[in-house]
Amino acid sequence: MIRVDRIEKLVEEGRPYLETIFTEREMDYCETRARKSEHYAARYAAKEALLKALGSGWRDGLAFSDIEIVIDKLGKPQVILHGEVKTHFESHHIRQTSISLSHIDEIAIAVVILEK
């Protein structure tokens, strides 16, 4: 869970700063939304939840930008992994990731379930 106003400050910093956290596809999606800070915040919460579920946190070369949250054709959030995060998942034999995102004016929240 994260306060949307925290992420709103990051959004105001501009795209070069956002690129350290979000992928190009995530930024393109969020920038088309009316309340884009809420969408960025939900993705940030998801990335944090995923690393916490993994038990590693944000360390050992694991980067938020290696976790991508996309929406499928039916509106369901999906996780796409890249780089060290993908390698870490493979080494821990994680085969399934389920994710839920929610946000309102002030708060964004994500729940992640990892299955072996």
Side-chain angles (χ1 to χ4, degrees):
M1 180 174 9
I2 189 164
R3 292 178 51 97
V4 172
D5 62 355
R6 256 186 79 199
I7 299 302
E8 193 163 15
K9 291 175 186 173
L10 301 178
V11 172
E12 290 170 3
E13 293 288 325
R15 203 162 178 104
Y17 186 77
L18 292 173
E19 288 172 349
T20 65
I21 301 168
F22 303 100
T23 67
E24 194 72 30
R25 189 166 27 177
E26 288 172 315
M27 290 184 289
D28 289 346
Y29 174 83
C30 292
E31 290 296 322
T32 65
R33 301 328 231 185
R35 297 184 319 208
K36 64 183 175 183
S37 294
E38 288 180 30
H39 293 272
Y40 277 116
R43 279 150 185 76
Y44 187 96
K47 293 168 187 248
E48 189 173 66
L50 188 140
L51 291 177
K52 286 180 178 179
L54 187 58
S56 64
W58 194 2
R59 63 172 188 256
D60 298 331
L62 304 180
F64 273 24
S65 59
D66 284 344
I67 304 165
E68 186 171 34
I69 310 300
V70 298
I71 304 299
D72 72 11
K73 294 176 185 176
L74 299 175
K76 181 180 176 187
Q78 302 287 316
V79 177
I80 299 172
L81 302 174
H82 307 280
E84 290 297 318
V85 175
K86 183 176 183 178
T87 302
H88 204 74
F89 265 61
E90 290 168 353
S91 71
H92 285 83
H93 308 290
I94 297 169
R95 60 175 179 81
Q96 178 72 29
T97 304
S98 299
I99 185 167
S100 176
L101 308 175
S102 294
H103 50 84
I104 58 171
D105 294 338
E106 304 90 17
I107 300 290
I109 189 167
V111 176
V112 173
I113 298 171
L114 305 179
E115 297 177 51
K116 289 189 174 191

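Just so it is clear, the structure is predicted and the values come from calculations on it, not from any experiment.
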For residues [X] and [Y], determine if any side-chain heavy atom of one lies less than 4.5 Å from a side-chain heavy atom of the other.
| X | Y | answer |
| --- | --- | --- |
| Glu38 | Asp105 | yes |
| Phe64 | Leu51 | yes |
| Ile21 | Tyr44 | yes |
| Glu8 | Tyr40 | no |
| Ile7 | Leu10 | yes |
| Ile99 | Val111 | no |
| Glu106 | Val4 | no |

Query raised in the report: What residue pairs, at least two apart or across chains, pass salt bridge (charged side-chain N to carboxylate O under 4.0 Å, His left out) with a residue in residues 18-30?
Result: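 The answer is Arg15-Glu24, Arg15-Asp28, Arg25-Glu68, Glu26-Lys47.
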What's the spacing between [X] [atom1] and [Y] [atom2] if we round to 0.5 Å?
| X | Y | atom1 | atom2 | answer |
| --- | --- | --- | --- | --- |
| Leu114 | His93 | CG | NE2 | 14.5 Å |
| Ile80 | Asp66 | CD1 | CG | 12.5 Å |
| Glu12 | Ser37 | CD | OG | 7.0 Å |
| Ser102 | Ile107 | OG | CD1 | 12.0 Å |
| Gln78 | Ser98 | CD | OG | 8.5 Å |

Requested in this report: Can you sort out the partners of His92 under ring-ring contact (aromatic ring centres under 6.0 Å, His included), two or more places apart, ordered by chain and number?
Outcome: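 With neighbours one apart ignored, the set is His88.
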Query raised in the report: Quick one: ring-ring contact (aromatic ring centres under 6.0 Å, His included) partners of Phe89, sequence neighbours excluded?
Result: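 Partners of Phe89 under the ring-ring contact (aromatic ring centres under 6.0 Å, His included) test: none.
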State yes or no: do [X] and [Y] share one hydrophobic cluster built from I, L, V, M, F, W and Y residues joined by side-chain heavy-atom distances below 4.5 Å, directly or via other members?
| X | Y | value |
| --- | --- | --- |
| Tyr29 | Leu18 | no |
| Ile2 | Tyr17 | yes |
| Leu54 | Leu81 | yes |
| Ile104 | Leu101 | no |

Closest heavy-atom pair and its distance - [X], [Y]:
| X | Y | result |
| --- | --- | --- |
| Ala45 | Ala108 | CB-O, 4.2 Å |
| Leu50 | Val79 | CD1-CG1, 3.7 Å |
| Arg43 | Cys30 | CD-SG, 3.7 Å |
| Thr23 | Ile67 | CG2-O, 4.3 Å |

Query raised in the report: Counting only N and O atoms by type, is there a donor-acceptor contact under 3.5 Å from the side chain of Thr87 to the main-chain atoms of Gly83?
Result: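 Checked: pair present.
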Requested in this report: Measure from the side-chain N and O atoms of Arg95 to the backbone N and O of Lys116, and report whether any donor-acceptor pair falls under 3.5 Å.
Outcome: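 Yes; judged by distance alone, with no hydrogens or angles, the pair exists.
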Query - Flag if over 12 foreign heavy atoms under 6.0 Å of CZ, Arg3 - result: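 Not more than 12 within 6.0 Å, no.
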